[in-house]
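This report concerns only the one structure given below.
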Amino acid sequence: MDGRIVEGLETKKEDTAKQKESSAKRPSLWFVAVAFVFVIALWLLNWFYGSSLPDTERGIFGDTFGAVNALFSGLAFVGVIYAILMQRYEIALTKEDAATTKKILDEQSGHLEKQLLNERRRSFEDTFFKMLTLFMEVTESVTCVEGRSDGRHIYKGRFAIEVIAHKIHPSTIYAERTLSQHESYVLAFIREYGASVSHYLRNLESLLTFLNISSQVDRLFYGGIIRGHISDAEQGLIFHFCLRPEAANLKRLVEKYSLFVGIKDEYVIFPELKDRYYGSAFEARYSLIYDD
């Protein structure tokens with residue numbers, strides 16, 4: 001691909017050189033020839049005229065006219081004129097060459113900038129999808145153990161997350177409770193199950209942080225890809241864990257990249273808890289984002 005670009009630039013340079021030859025015209029030697037003939041003709045005219053005079057008047061005519069001096073002065077004047085024209089021609093060539101060089105450099109700079117941008121995007125996508133794959137592996141490694149030793153059940157992966165998330169559901173404890181009672185229960189719940197999902201949450205935060213510090217990419221688009229890999233139960237789990245003060249950074253990233261779009265009310269439990277998040281956490285956005 002680079003060879004084709006260089007070849008194309010060389011072709012453009014050759015075409016530009018041809019255009020330059022037609023636009024900057026070299027001073028014609030016809031002018032010099034005509035001027036030279038004119039000076040010689042004047043000199044010959046002077047000589048013939050002087051030869052036709054009587055001997056007594058030739059000396060006076062020669063001294064007064066100075067034919068030889070006139071010849072050399074005329075030739076020198078022609079040379080000066082031609083030198084001026086050649087200088088103008090060379091200046092025109094220099095200007096056009098500078099403009100051509102600038103144009104070629106601008107085109108090369110544009111091609112290099114596009115290549116650099118594409119390389120950065122490829123590098124970003126390679127890292128992003130590797131981290132996303134790792135996040136999915138971490139999700140599948142989540143483990144939840146329920147029951148006593150004689151009747152213990154071990155759940156893994158998304159099913160384990162679903163079991164943990166449903167522990168927050170009010171029907172598992174009692175049908176009705178106040179918001180303050182729910183918050184106390186959630187704190188106890190986090191102490192019991194926090195270790196099971198801490199690696200999962202840290203990995204999610206690392207993935208969102210990498211996306212957030214990346215530039216010149218459609219971060220909302222890739223945020224939507226992350227959201228597409230999160231289940232309903234995961235949304236409920238993240239929703240309650242991000243209400244902790246120590247999860248402020250993850251909460252900010254969740255709000256920015258709208259990870260709670262479509263979250264079910266059964267996982268929110270108390271609608272008042274939504275007010276603790278910015279509305280962007282629940283609104284799908286598809287515009288490009290390049291700033292902080």
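Residue indices begin at 1 and follow the sequence shown.
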Can you tell me how far CG of L204 sits from CG of L253, rounded to the nearest 0.5 angstrom? 8.5 Å

E113 atom CD, over 12 foreign heavy atoms within 6.0 Å: no

Less than 4.0 angstrom from a charged side-chain N to a carboxylate O is my criterion; do E255 and K251 meet it? yes

Neighbour count >12 (heavy atoms, 6.0 Å) for atom CD, E183: yes

Hydrophobic clusters here meaning ILVMFWY residues chained together by side-chain heavy-atom distances under 4.5 Å, can you tell me if V217 and F129 are in one? yes

Measure the CD-CD distance between E140 and E137 for me, rounded to the nearest 0.5 Å. 9.5 Å

Quick check on the hydrophobic clustering: are I263 and L220 connected, directly or via other members, by side-chain heavy-atom contacts under 4.5 Å? yes

Does any N or O in the side chain of E205 come within less than 3.5 Å of the main-chain N or O of Y200, such that one atom is a donor and the other an acceptor? no

If you take all heavy atoms of C242 and V254, which pair is closest and at what distance? SG-CG2, 4.2 Å

Among the clusters formed by ILVMFWY side chains lying less than 4.5 Å apart, do I91 and Y89 turn up in the same one? no

Pairwise distance OH(Y267) to NE2(H166) - rounded to 0.5 angstrom: 3.5 Å

Min side-chain heavy-atom separation L237-Y193 under 4.5 Å: no

State, with a plain yes or no, whether a side-chain heavy atom of L259 is found less than 4.5 Å away from one of L208. yes

Please check if the number of heavy atoms outside Y278 that lie under 6.0 Å from its OH is greater than 12. no

Working to the nearest 0.5 angstrom, can you tell me the gap between I190 CD1 and S196 OG? 12.5 Å

Do F210 and F128 have ring centroids that are under 6.0 Å from one another? no

About how many Å separate CZ of R88 and CG of L93, when rounded to the nearest 0.5 Å? 12.5 Å

Is the shortest heavy-atom distance from the side chain of F241 to the side chain of V186 under 4.5 Å? no

Decide whether V145 and V142 are clustered together by the hydrophobic rule: side chain heavy atoms of Ile, Leu, Val, Met, Phe, Trp, Tyr closer than 4.5 Å, transitively. no

Mind checking what makes side-chain hydrogen bond (donor to acceptor under 3.5 Å, both in side chains) contact with T133, not counting sequence neighbours? none

NZ/K156: more than 12 non-hydrogen atoms of other groups inside 6.0 Å: yes

Side chains of E234 and S231: any donor to acceptor distance under 3.5 Å? yes

Can a salt bridge be assigned to the pair D106 and K102 using a cut-off of 4.0 Å between side-chain N and carboxylate O? yes

Taking every non-hydrogen atom, the tightest pair across P271 and I269: CD-O, 3.6 Å

Hey, can you tell me if Y222 and F124 have their rings parallel, tilted or perpendicular (30° and 60° cut-offs)? perpendicular

In short, R158 meets H229 closest at the heavy-atom pair NH2-O, 2.9 Å

Kindly confirm or rule out a cation-pi arrangement of K274 over F282, judged by NZ or CZ under 6.0 Å from the six-membered ring centre and within 45° of its axis? yes

Rounding to 0.5 Å, atoms CD1 (I230) and CZ (F135) come to a distance of 5.0 Å

Candidate pair R121 and N118, rule side-chain hydrogen bond (donor to acceptor under 3.5 Å, both in side chains), full reasoning: CA-CA 5 Å; R121 287 179 177 173; N118 290 333; 4.8 Å; no

